[in-house]
Amino acid sequence: MTTSSTFASATLFDTALQQLGLDLAPWRGQGLAVRAPRDGAVYAQLSSHTPAQAQALIEGAHSAFLRWRATPAPVRGELVRRLGEKLRRHKEALGLLVSLEAGKLRSEGLGEVQEMIDICDFAVGLSRQLHGLTIASERPGHRMMETWHPMGVVGVISAFNFPVAVWSWNTALALVCGNAVAWKPSEKTPLCAIACHHLLQQTLDEFAAQQSPALPDGLATLLLGGREMGELLARSPRVAVLSATGSTRMGRAVAVDVAQRFGRSILELGGNNAMVVMPSADLELAARAITFAAVGTAGQRCTSLRRLIVHRDVAAPLLARLGKIYASVRVGDPLEDGVLVGPLMDGAAFAQMQSALAQAREQGGTVLGGERACEALGQDAWYARPALVRMPAQSAVVQHETFAPILYVLTCASLDEAIALQNGVPQGLSSAIFTTDLRDAERFLSSTGSDCGIANVNIGTSGAEIGGAFGGEKETGGGRESGSDAWKAYMRRATNTINYSDALPLAQGVRFDV
Ligand code: UN1
């Protein structure tokens with residue numbers, strides 16, 4: 001049988017582009033490599049935008065915004081509905097492209113596109129629900145209310161590990177909220193970005209032809225480039241909101257630049273996610289959840305499980321089970337059926353993993369796994385066996401996010417100790433507890449429990465649905481994207497007081513007779 005894994009990456013890239021109807025010619029140049037982590041093959045070289053081109057595109061986005069903000073929100077929703085339809089039609093091809101360029105399993109690539117479809121559906125509903133409140137006024141014959149208005153150009157900086165979904169969370173919401181979008185994708189996944197841009201541009205063109213007056217060009221723009229492109233977005237006074245996903249280091253730089261000009265930022269930065277396993281837990285379920293969260297996507301999700309805090313009473317059986325899983329889990333070509341762990345993004349990611357493991361050993365850790373694997377798949381293909389690391393304490397290396405399949409294991413003697421360990425790191429994205437004890441579960445979710453933006457019971461830390469707000473506290477940056485009322489970050493709130501009486505009473509009983 002011939003499976004997609006039998007084909008060289010170039011052939012598969014060709015197939016995906018053909019199915020997407022995407023011509024790469026206008027994007028070709030020098031500077032940005034399109035690379036497949038599964039075999040390290042470089043498929044194409046693309047050019048970056050110059051700063052002058054980027055400035056012009058941002059200006060164009062702003063002009064488009066001035067028209068788009070006056071388009072009724074449900075009509076804006078219709079555009080996003082059509083984008084969702086287009087994504088449904090191209091799910092296979094786009095999913096394959098994600099698997100190729102980000103090194104994800106087939107089902108993870110498809111899952112990412114499903115996440116895009118889901119957020120489009122969500123945003124369509126939202127387009128009729130951008131509600132403000134009506135508020136009781138203390139003055140007779142007065143009414144107060146809130147109205148929500150578009151902000152302007154929303155800048156989006158996204159990371160390689162979710163090269164399409166994170167863009168869609170921001171873009172679907174930003175568009176229904178009446179904003180324009182300027183996107184700087186990771187320089188490691190430019191082709192996924194071009195494909196998304198192509199599908200949105202096609203949708204916009206079809207939609208614009210049916211609008212009167214015609215829709216302006218430039219509503220969604222793509223800025224290809226490196227770090228300097230991110231800086232340009234962060235510093236541009238035209239960018240009203242900047243939503244940035246990536247490392248804490250990047251976020252710290254961006255946040256300062258945006259704050260300097262009183263812009264608004266939505267930051268989704270590093271995670272160092274923990275799971276607590278209590279004595280009452282269903283250990284088999286916990287072992288499966290741990291495996292998906294820790295080794296899935298080769299540990300390269302910001303929600304990946306990095307710390308396991310297991311109660312000493314169940315540490316032995318759980319670790320024995322995990323030891324077996326870690327020894328047998330299949331590492332290999334992510335396009336091959338049965339493989340659960342694909343490649344790391346590149347050689348730098350592999351080097352960082354090895355450096356973290358060396359530090360863990362120095363800090364008293366015992367490492368199982370972690371060595372290079374599947375070298376036959378390519379000299380520049382960087383696979384690693386997932387690593388399970390027993391640590392004597394939550395030392396420096398455990399406090400740090402390493403974007404790789406390393407799971408540090410700590411033991412605890414009580415829920416209080418577990419919560420202190422869970423909260424005892426600088427990051428605060430995702431967390432979970434495995435327990436069948438109602439008290440433990442509720443305590444973990446309470447104000448004295450997990451300090452993360454995501455806290456789960458009896459499921460892992462990764463794989464969040466789009467319906468909830470996504471993001472976290474402390475060094476994770478505090479931003480919220482995706483579902484719930486995250487849309488409010490893409491709009492500005494106006495408080496309106498309307499006097500329908502023939503008098504002019506002042507608030508707080510102030511007298512000012514003229
Ligand atoms: C990310 O890693 O940047 O919750 C996003 C998850 C995915 C999104 C992760 N739905 O794991």
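Numbers for residues simply follow the sequence, beginning at 1. Whatever order the structure lists them in is the order used to number ligands and atoms, beginning at 1.
- Contacts classified as side chain to side chain donor-acceptor pair (under 3.5 Å) and involving residues 290-299 (residues at least two apart or in different chains) are given here: E108-T297, T297-R301.
- Between D380 and W382, the side chains place a donor N or O and an acceptor N or O closer than 3.5 Å (distance only, hydrogens not considered).
- Residue pairs that meet the salt bridge (charged side-chain N to carboxylate O under 4.0 Å, His left out) test with at least one member in residues 396-412, sequence neighbours left out, do not exist here.
- With sequence neighbours left out, the salt bridge (Lys or Arg N to Asp or Glu O under 4.0 Å) criterion links R372 to E375.
- The existence of a salt bridge linking E101 and K104 is excluded, since no basic side-chain nitrogen approaches an acidic carboxylate oxygen closer than 4.0 Å.
- With hydrogens and angles ignored, the 3.5 Å screen pairs no side-chain donor or acceptor of D440 with any backbone N or O of T436.
- Within 4.0 Å of ligand 1, the residues that place a heavy atom are E115, N161, F162, W169, E268, R301, C302, T303, S462, G463, A464, F470, listed by chain and number.
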